[in-house]
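Comments concern the structure below.
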There are 2 protein chains.
Amino acid sequence: MKKEKATIHDIAEKLNVTASTVSRALNDNPRISEATKKKVLKVAKQLNYQPNHIASALRSGKSRLIGVIVPTANRNFFSSVIRGIEEIATNLNYRIVISQSYDEFEKEVQNVEALLNAQVDGVIASIGKTTENIEHFEKIMKKGIPLVLFDRVSNDLEVSQVVIDDFLGAYQTVDHLIKNGAKRIIHFSSSQRINIYKERKRGYEEALKDNGIEVDPALILYSNMQLEDGRKLIEDLLKKDVKFDAVFSASDYAIMGAMQVLKEHGYKIPQQIKLAGFGNEPFTSFTEPTITTVDQKSIPMGKITAETFFELLNDKKTDPMAKKTILKPELIIRGSSQKN
Amino acid sequence: MKKEKATIHDIAEKLNVTASTVSRALNDNPRISEATKKKVLKVAKQLNYQPNHIASALRSGKSRLIGVIVPTANRNFFSSVIRGIEEIATNLNYRIVISQSYDEFEKEVQNVEALLNAQVDGVIASIGKTTENIEHFEKIMKKGIPLVLFDRVSNDLEVSQVVIDDFLGAYQTVDHLIKNGAKRIIHFSSSQRINIYKERKRGYEEALKDNGIEVDPALILYSNMQLEDGRKLIEDLLKKDVKFDAVFSASDYAIMGAMQVLKEHGYKIPQQIKLAGFGNEPFTSFTEPTITTVDQKSIPMGKITAETFFELLNDKKTDPMAKKTILKPELIIRGSSQKN
DNA sequence: GAATTTAAGACAATCGATTGCATAATAATA
DNA sequence: TATTATTATGCAATCGATTGTCTTAAATTC
């Protein structure tokens, strides 16, 4: 009953060959005859041999581990990307190691260190909100292992990345709001150091211009874009009696807060004020009215990120070009933005 | 510029000691003098030494990796538990390896195999819906490494587990519905092979009995409890003209579907029909009315699961008692269930 | 049939850290 | 001072798989 795990040496002994032969046989090396391979495979099964990845990793330098860094694992977007990554990785017999930065620069740096120490074969990450410099990511690249960024990326890093076309998503949304009668559109944004917010704002501005509406900086409000922020911003606007007929938020949470306050004040959505968010969080289809938003293609993004990662991993060329994949977002038109 | 990673041998050479001394010094072994330890630490920093976890893992048999198996990473509950686990694990300098079973038995078995091959130091898991037998989990236990189950557990396994008191959560919810005037309460449930659903049903039944209401099996409906299931079940009831004044669903998604259909048919919630779900999914606080539900304490559950795991890991006793932690759920009373 | 390839394995070093046992040097004890 | 304990390291094996080089025997070529 003693289940001592079998090693290649046990197999070797049983067949009167050496461990190297067994190793090569198991790896389908052409230097080993078919007959021997068959025998090895048979004994391996018989002994219930399970390869020791750690030993293999030590010698070969490949751990079959991918480090994944996200700000937080329990936001729908990130957990969906993780889901996508995991699916691809598992199929290729790789494992993913998750770590969270909590949007803290310090933790992000620590996470990179920890993952490198764990000898991951590469890293997939989405940059935290407070990340100031990117030396830790450069360290990964210097090691010569693949690094792929998704969604929250950095322009300072010559590295493969997967994003959605935030500009386009915002542009289409604002254009849609205008086509449905909106003229004075508030925009909720956040730190312009973060690409996605900069791009969404740009999309907002361009859509206004293209529709002959002047951009009024006073209508662009910056916050952390949580639900509470959305509430406060709208309450402020109402207090100051600022006139507006629509809100385009770069975050679904903030637009949710906005909608709550507007409804509390008796405004009719979408008749008096139209709303649109960004992210297609699950709750946006459960509210009343349902919220128009932009789908970020999170699961496909995870899959494509993983695929990009494996391309890099298998690409033996010395300096693989940094490849930028831009996914097309999808405007999901729902009740909060319809004409009357 | 060549950044060859330093090993303990490099440190040893520089100090004219052996690698074993360096290893012991780094591990703060009492057999090494303070003076030497200081010197080693200094040179280690100077060479930017980073320990190779793989090498250490091979020799010591400890990978500092925890395998985590969940049905899906992108459901709020699971991603929150993952978040909690990660937080604790990271603090203890452990890494977590995520894999998803997609509620498929086959995948779950494969995941266990893969994690064991990756030499994880233990496994934390929530069992899939279709899991028929538990041999794969027994295999983990036979290996003598910790296994902790959370939420979806198995009574057949003598293993530490962390759950919420599903019975209590359901009981309190149904009691609350009755106290608010409900008399004929529908219950949405799912496979009775899964503990949590069995317990929730039991809580429902007990609460009815304790309030002098007879349990009517016709009012208990079984499904997969997705949103669509909730819709269908309610549509059926309305078609059949079944009378009821409340619905208690073991899933928030199903109750959401129910609410949609009821509102579409002109029913007033909660005046005519009261609703309550289970899980405290984020969307339940954004609907109209907001949905009464039971909070499952997902992040604490993750943390406690991880803590239980580490207790087991550090417990050198041969046969640590399987420890069952039962968290108290929290009934979150919202608009969908209030008296008139 | 001698010379040269080729095929199939064996041998042994290696990856980097850990650890049981041995040893040298020093301190404590008789 | 001789003897025993103690302290601080060194030595070498080990974890399990991988891989460059070498060897042997069979196959091919002329």
Side-chain angles (χ1 to χ4, degrees), chain A residues 3-41 43-44 47-65 93 116-121 143-145, chain B residues 3-41 43-44 47-65 93 116-121 143-145:
Chain A
K3 268 223 175 167
E4 296 298 331
K5 52 268 159 203
T7 72
I8 53 171
H9 294 96
D10 301 323
I11 300 178
E13 198 174 353
K14 210 153 189 154
L15 286 170
N16 264 317
V17 296
T18 58
S20 53
T21 301
V22 174
S23 171
R24 291 195 168 99
L26 291 172
N27 288 309
D28 206 26
N29 186 304
R31 289 201 310 199
I32 304 298
S33 70
E34 288 308 318
T36 311
K37 281 182 190 168
K38 241 172 228 153
K39 274 192 259 171
V40 168
L41 254 7
V43 175
L47 294 180
N48 188 32
Y49 167 76
Q50 296 293 126
N52 183 326
H53 276 128
I54 297 281
S56 156
L58 177 58
R59 179 63 229 252
S60 67
K62 316 252 130 267
S63 64
R64 300 192 87 83
L65 252 31
N93 200 23
L116 289 179
N117 285 352
Q119 313 292 124
V120 295
D121 288 348
K143 272 215 160 190
I145 62 179
Chain B
K3 268 221 175 171
E4 294 300 331
K5 51 270 160 202
T7 72
I8 53 172
H9 294 97
D10 300 323
I11 301 179
E13 198 174 355
K14 209 152 190 157
L15 286 170
N16 264 319
V17 296
T18 57
S20 52
T21 301
V22 174
S23 171
R24 291 194 171 101
L26 291 171
N27 288 310
D28 204 27
N29 187 306
R31 292 199 311 199
I32 303 298
S33 70
E34 287 307 318
T36 312
K37 280 182 189 168
K38 241 172 225 151
K39 274 191 261 171
V40 167
L41 254 7
V43 174
L47 294 180
N48 188 31
Y49 168 76
Q50 297 293 128
N52 184 327
H53 276 125
I54 296 281
S56 155
L58 176 59
R59 180 62 229 251
S60 67
K62 314 253 133 262
S63 64
R64 300 190 88 82
L65 253 29
N93 200 24
L116 290 179
N117 285 351
Q119 311 294 124
V120 295
D121 288 348
K143 272 213 158 189
I145 62 179

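The chains referred to below are lettered A, B, ... by the order of the sequence lines, with proteins before strands, and numbering in each begins at 1.
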* Round to a whole Å and report the spacing from CG of B:Asn52 to P of D:dG16. => 17 Å

* Atom CG of B:Asp10 and atom P of C:dA17: how far apart are they, to the nearest Å? -> 9 Å

* Which whole-number value in Å describes the distance from B:Lys38 NZ to D:dA8 P? -> 13 Å

* May I ask you to say what A:Ser56 touches in the nucleic acid, namely base, sugar-phosphate or nothing, with a heavy-atom cut-off under 4.0 Å? => sugar-phosphate

* Asked: How close or far is atom C1' of C:dT18 from atom CD1 of B:Ile54, stated in whole angstroms?
  -> 15 Å

* Asked: Taking NZ from B:Lys5 and P from C:dC15, how many angstroms apart are they, rounded to a whole number?
  -> 10 Å

* To do: Establish, with yes or no, whether the OP1 or OP2 oxygen of C:dG9 is under 4.0 angstrom from a side-chain nitrogen or oxygen of A:Ser33.
  => yes

* Under the side chain to side chain contact (heavy atoms under 4.5 Å, CB included) criterion, do A:Tyr49 and A:Val43 qualify, and how do the steps go? -> CA-CA 8 Å; A:Tyr49 167 76; A:Val43 175; over 6 Å; no

* Nearest-nucleotide 5' precedence on DNA chain D, A:Arg31 against A:Arg59 -> A:Arg59

* Asked: Any side-chain heavy-atom pair from A:Leu116 and B:Gln50 closer than 4.5 angstrom?
  -> no

* Asked: Side chain of A:Thr36: nearest nucleotide among C:dT18, C:dG9, C:dA10?
  -> C:dG9

* Asked: For D:dG10, does either OP1 or OP2 sit under 4.0 Å from a side-chain N or O belonging to B:Thr18?
  -> yes

* Return the value, rounded to whole Å, for the distance between atom CG of A:Leu58 and atom C1' of D:dG16. => 9 Å

* To do: Answer with base, sugar-phosphate or nothing: what part of the nucleic acid does B:Ile8 contact at a heavy-atom distance below 4.0 Å?
  => base

* Asked: Taking side chain as C-beta onward, heavy atoms only, is B:Leu58 less than 4.5 Å from B:Ile54?
  -> no

* Approximate separation, where rounding is to 0.5 Å, of B:Arg31 CZ and B:Thr36 OG1 -> 13.0 Å

* Which is true for B:Asn16 with a 4.0 Å heavy-atom rule: it touches a base, it touches only sugar-phosphate, or it touches nothing? -> sugar-phosphate

* Using heavy atoms to find the nearest nucleotide of DNA chain C for B:His9 and A:Arg24 separately, return the residue whose nucleotide is more 5′. => A:Arg24

* Please report, rounded to the nearest Å, how far the C1' atom of D:dT18 is from the CZ atom of A:Arg64. => 14 Å

* Asked: How would you label the contact of B:Ser23 with the nucleic acid (heavy atoms, under 4.0 Å): base, sugar-phosphate, or nothing?
  -> base

* Asked: Any side-chain N or O of B:Thr21 under 4.0 Å from OP1/OP2 of D:dG10?
  -> yes

* To do: Establish, from distance only, whether the side-chain atoms of B:Ser23 and B:Ser20 form a donor-acceptor pair under 3.5 Å.
  => no

* Asked: When you measure from the side chain of B:Ser20, which nucleotide among D:dC15, D:dT18, D:dC11 comes out closest?
  -> D:dC11

* Rounded to whole angstrom units, what separation is found between the CG atom of A:Asp28 and the P atom of C:dA8? -> 13 Å

